Amino acid sequence: KNKKWSSLQANKPALEYYSNDDPGDFGGYTAAENTIRLNDSNFADPIETADTISHEYRHCFQHERAANPSSDQDFAFRENQENYISPSRDFQAYQDQLIERDAREYAQGIKDTITRA
C-alpha cells in the first residue's frame, strides 16, 4: 500500500469524462465538486492517462489534507491553494508552486511503477 495515500479520507472524487480535441487538455480536479474530469480524447497513450489520473487524484489528496491540516505540509498545501497561481497568469510560477510540483512528483512515481512492470 502506498503510504502517501494511507491518510486519504473516504471521500473519493467522482470521475467525469468529456471530449476535447486539444492535445494539451488531459483533465483537471475541481475541489468544490470533488470531481476529476478526464478528456477521453487523449486516452490513446495509457501512460499519459495514468499520469493524468494520478496527478489529479493527488490534488484531491492535497485538498483533503489542507482542509484538516495536521502537518507542516498540510498547512503548506492550504496556503498554496489559497494563493493558487493559474497557468494562464504565469505558467512558470504555476509549474513551480508546491501543489503542482507535488502532484507531478506523485504522478511520476506512478508512471515509474507502471513502466517497470
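Predicted model, so just to flag it, every value in this text is computed and none were measured.
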Novice: Assigning hydrophobic clusters by single linkage (Ile, Leu, Val, Met, Phe, Trp, Tyr; side-chain heavy-atom cutoff under 4.5 Å), is Phe26 placed with Leu38?
Specialist: no
Novice: Do other residues, nucleotides or ligands put more than 12 heavy atoms under 6.0 Å from the CG atom of Asp22?
Specialist: yes
Novice: Where is the tightest heavy-atom contact between Ala76 and Leu98, given as atom of each residue plus distance?
Specialist: CB-CD2, 3.5 Å
Novice: Just by distance, do the side chain of Asn42 and the backbone of Asp25 share a donor-acceptor pair under 3.5 Å?
Specialist: yes
Novice: What are the two closest non-hydrogen atoms of Gln62 and Ala103, and how far apart are they?
Specialist: NE2-N, 3.8 Å
Novice: Quick one: pull up CG in Asp51 and CZ in Arg104 and give me the separation to the nearest 0.5 Å.
Specialist: 10.0 Å
Novice: Starting at CD1 of Ile85, measure out to CG of Asn80 and round the result to the nearest 0.5 Å.
Specialist: 7.0 Å
Novice: Test of understanding: clusters of I, L, V, M, F, W, Y form through side-chain heavy atoms closer than 4.5 Å, transitively. Do Tyr17 and Ile53 belong to the same one?
Specialist: yes
Novice: Taking atom types as modelled, find out whether Arg65 and Ser70 have a side-chain donor-acceptor pair closer than 3.5 angstrom.
Specialist: yes
Novice: Among side-chain atoms of Asn20 and Ser41, is any donor-acceptor pair under 3.5 angstrom?
Specialist: no
Novice: Without swapping roles, check the side chain of Thr35 against the backbone of Glu33 for a donor-acceptor pair under 3.5 Å.
Specialist: yes
Novice: Is there a salt bridge (charged side-chain N to carboxylate O under 4.0 Å, His left out) between Asp102 and Arg58? Walk through the geometry before answering.
Specialist: CA-CA 8 Å; Asp102 177 72; Arg58 185 65 176 180; 2.7 Å; yes
Novice: Hydrogens and angles aside, do Asn83 and Glu79 bring a side-chain donor and acceptor to less than 3.5 Å of each other?
Specialist: no
Novice: Given 3.5 Å as the limit, does a donor-acceptor pair link the side chain of Asn39 with the main chain of Gly27, or not?
Specialist: no
Novice: What heavy-atom pair brings Glu100 and Gln95 nearest, and what distance separates the two atoms?
Specialist: CB-O, 4.1 Å
Novice: Taking atom CD of Glu16 as the centre, does the number of heavy atoms from other residues, nucleotides or ligands within less than 6.0 Å exceed 12?
Specialist: yes
Novice: Indicate yes or no for a side-chain donor-acceptor contact from Ser54 to the backbone of Ile110 under 3.5 Å, with no hydrogens or angles considered.
Specialist: no
Novice: Which heavy atom in His59 sits nearest to a heavy atom in Ile99, and how many Å separate them?
Specialist: CE1-O, 3.4 Å
Novice: How long is the gap from OG1 on Thr30 to CD on Glu56, to the nearest 0.5 Å?
Specialist: 9.0 Å
Novice: In this structure, are over 12 heavy atoms from other groups packed under 6.0 Å from Asp72 atom CG?
Specialist: no
Novice: Can you give me the closest heavy-atom contact between Ala50 and Ile114, atom names plus distance?
Specialist: CB-CD1, 3.4 Å
Novice: Can you label the angle between the Tyr29 ring and the His63 ring as parallel, tilted or perpendicular, going by 30° and 60°?
Specialist: tilted
Novice: Could you tell me whether Arg89 sits above the aromatic face of Tyr94, with NZ or CZ closer than 6.0 angstrom to the six-membered ring centre and within 45 degrees of the axis?
Specialist: no
Novice: Would Asn68 and Glu64 count as a side chain to side chain donor-acceptor pair (under 3.5 Å) here? Give the steps.
Specialist: CA-CA 7 Å; Asn68 296 293; Glu64 288 192 13; over 6 Å; no
